[in-house]
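Written out below as structure tokens is the structure these notes cover.
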Amino acid sequence: MLTSAPRGTKDILPGQSRHWQTIEDTIRQICREYGYEEIRTPIFEHSEVFHRGVGETTDIVQKETYDFQDRGGRDLTLRPEGTAPTVRALLEHKLYAGPLPVKVYYIGPMFRFGRPQAGRLRQFHQFGIEVFGSASPRVDAEVIAMAMDFYQRLGLKKLQLLLNSIGCPKCRPGHRQALQEFLQPKATELCGDCQKRLDRNPMRVLDCKNERCQELSQGAPTTVGYLCDVCADHFASVKELLEAAGVEYTLDDRLVRGLDYYNKTAFEIVSTDIGAQSSIGGGGRYDNLVETLGGPSVPGIGFGLGLERVLLTMENQGLLESDSRELRNIFIAMAGEGTAPVAFGLAQTLRKKGLSVELDYLERSLKAQMKTADRFHAPYVVIVGQGEVERGVITVRTMGTGEQREIPLGEATEILSGLF
RNA sequence: GUGGCUGUGGCGAAGUGGUUAACGCACCGGAUUGUGGCUCCGGCACUCGUGGGUUCAAGUCCCAUCAGCCACCCCA
């Protein structure tokens with residue numbers, strides 16, 4: 001299949017790349033305003049980074065990673081998410097030893113092996129941020145508010161912010177036990193996956209999509225019901241701060257994120273406009289991840305937003321302009337012997353003045369060149385004809401009105417750049 | 001990994017097993033002399049995803065395979 005991109009990957013063609021650029025511009029802008037600096041990590045890491053970071057029991061690690069060995073026999077993995085690599089970099093460069101908190105963002109491709117469908121690719125892109133070194137609920141609130149601000153700037157509508165707290169290692173055992181006791185009697189009726197989860201990670205039963213499991217877990221003990229004082233206070237503060245910032249949220253006591261490293265605050269943003277994969281972003285606090293990866297005890301929190309899903313939502317909400325062609329300021333048409341050097345030279349000087357200038361590369365008829373100029377929506381066309389060249393002038397045609405006038409070649413640069 | 005639907009020119013889309021595979025859009029060229037947008041005329045398919053098979057004959061039937069789409073699992 002030499003002529004098709006690998007399954008689950010997509011070329012971003014010129015008509016689309018414009019939209020990516022506007023999203024990226026928005027990202028850079030918002031990060032500047034919130035005080036986040038970019039970090040760029042490799043797209044592959046030693047496999048252990050993800051196995052230990054994301055969690056061995058996680059679906060992502062168990063069946064979705066792109067693992068390979070390089071020629072030196074190293075076990076490597078294409079990154080399926082951005083947090084673990086960021087933490088690795090934090091440790092490697094001891095960023096935690098500098099001023100805290102450390103606030104970074106990243107944009108880039110992620111890789112997960114799964115069947116492609118609407119809003120799901122094997123190579124997709126995420127915009128994520130991470131904050132290290134503060135356990136304060138202020139950071140939780142800022143991170144969440146920033147995510148919502150980002151969507152808002154792009155014009156996304158009808159989004160829902162789901163919020164939950166899944167507690168910490170102190171309060172989780174209590175909840176875990178209560179949950180297991182609640183589910184145990186019904187164990188045989190749960191789906192296969194959940195029967196395994198019951199033992200390993202019973203929380204996950206709560207957000208199982210299986211209808212029967214949903215019914216069975218009705219009324220089950222929730223994480224918020226078992227929060228320790230510290231976690232409860234923390235959660236209350238996060239909510240209070242969000243309200244103060246005017247960020248609307250929906251409490252969802254079944255929201256349990258799929259990555260093992262989360263604790264306390266967990267959130268997810270969903271859109272109803274992109275098919276079955278409704279989540280367009282999510283994140284949470286991970287106060288133990290840095291330690292898990294062999295570093296000091298440094299609290300962290302962050303989010304990861306799926307850019308394809310953002311784009312999909314924008315598309316389905318009619319937020320993308322359909323006109324895909326870049327505009328040109330000036331098109332230079334030429335016809336006849338000896339006109340090419342004049343046209344070419346003029347194009348260069350105009351470009352150096354900052355104008356977007358197009359000219360004919362196919363040696364086509366003047367008529368064809370005019371058509372091309374029209375397609376570029378060039379407001380002005382410069383016609384360099386043999387007669388003009390001999391007289392030391394060029395013709396400038398205003399496409400909107402069809403008016404033409406001749407100007408001396410020597411003054412062309414000044415006059416033309418003065419039009420913009 | 002599982003399931004459903006689909007696969008004809010750059011795109012969209014016809015095509016009851018049997019001559020030269022419609023049409024639309026896009027693209028290219030032309031409609032007297034160097035000029036756009038409208039109109040008109042013309043041009044543009046030696047693998048009908050690929051490989052097998054059935055048949056006198058297959059784009060049209062069967063199988064396999066690949067790919068796309070959608071859904072499940074899970075997630076962004």
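Order of the sequence lines fixes the chain letters, A, B, ..., with proteins taken first and strands second; residue numbering starts at 1 for each chain.
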Quick one: label [X] by what it contacts on the DNA or RNA (base, sugar-phosphate, nothing), any heavy atom closer than 4.0 Å.
X: A:Gly402; answer: base
X: A:Ile383; answer: base
X: A:Lys371; answer: sugar-phosphate
X: A:Gly8; answer: sugar-phosphate
X: A:Leu307; answer: nothing
X: A:Gln386; answer: nothing
X: A:Arg112; answer: base
X: A:Gly281; answer: sugar-phosphate
X: A:Ala368; answer: sugar-phosphate
X: A:Ala118; answer: sugar-phosphate
X: A:Glu388; answer: base

Rounding to an integer number of Å, can you tell me how far [X] [atom1] sits from [N] [atom2]?
X: A:Glu64; N: B:C72; atom1: CD; atom2: C1'; answer: 13 Å
X: A:Tyr66; N: B:G1; atom1: OH; atom2: P; answer: 11 Å
X: A:Glu268; N: B:A76; atom1: CD; atom2: P; answer: 7 Å
X: A:Lys367; N: B:C41; atom1: NZ; atom2: P; answer: 15 Å
X: A:Gln117; N: B:U6; atom1: CD; atom2: P; answer: 19 Å
X: A:His377; N: B:G37; atom1: NE2; atom2: P; answer: 13 Å
X: A:Phe124; N: B:A76; atom1: CZ; atom2: C1'; answer: 5 Å
X: A:Leu121; N: B:A76; atom1: CG; atom2: C1'; answer: 10 Å

Base [N] paired with [X] side chain (donor-acceptor, <3.5 Å):
X: A:Arg375; N: B:G37; result: no
X: A:Gln369; N: B:U35; result: no
X: A:Arg309; N: B:C75; result: yes
X: A:Asp374; N: B:G37; result: no

For the residue pair [X] and [Y], confirm or rule out a side-chain donor-acceptor distance under 3.5 Å.
X: A:Glu130; Y: A:Thr86; result: no
X: A:Asp67; Y: A:Thr77; result: yes
X: A:Thr372; Y: A:Arg364; result: yes
X: A:Thr265; Y: A:Asp140; result: yes
X: A:Glu388; Y: A:Thr395; result: yes

Distance check, [atom1] atoms only: [N] and [M], in whole angstrom units.
N: B:U8; M: B:C69; atom1: P; value: 14 Å
N: B:C46; M: B:A57; atom1: P; value: 24 Å
N: B:A45; M: B:U20; atom1: C1'; value: 13 Å
N: B:G17; M: B:C28; atom1: P; value: 40 Å
N: B:U60; M: B:A21; atom1: C1'; value: 11 Å
N: B:A14; M: B:C40; atom1: P; value: 25 Å
N: B:G4; M: B:G12; atom1: P; value: 25 Å

Considering only side-chain heavy atoms of [X], which listed nucleotide, [options], is closest?
X: A:Ala276; options: B:A71, B:A76, B:G36; result: B:A71
X: A:Arg120; options: B:U35, B:G68, B:C72; result: B:C72
X: A:Arg364; options: B:C70, B:G30, B:G29; result: B:G29
X: A:Gln126; options: B:A76, B:G37, B:C73; result: B:A76

Toward the 5' end of RNA chain B, by each residue's nearest nucleotide, A:Gly282 or A:Phe113: A:Phe113
Of A:Gln404 and A:Ile269, the one whose closest RNA chain B nucleotide lies more 5': A:Gln404
Could you please name the partner base of [N], counting Watson-Crick and G-U wobble pairs only when both distances are under 3.5 Å?
N: B:C40; answer: B:G30
N: B:G59; answer: none
N: B:C72; answer: B:G1

Does the distance from a Lys or Arg side-chain N to an Asp or Glu carboxylate O, for [X] and [Y], drop under 4.0 Å?
X: A:Lys10; Y: A:Glu308; result: no
X: A:Glu81; Y: A:Arg79; result: no
X: A:Lys239; Y: A:Glu243; result: no

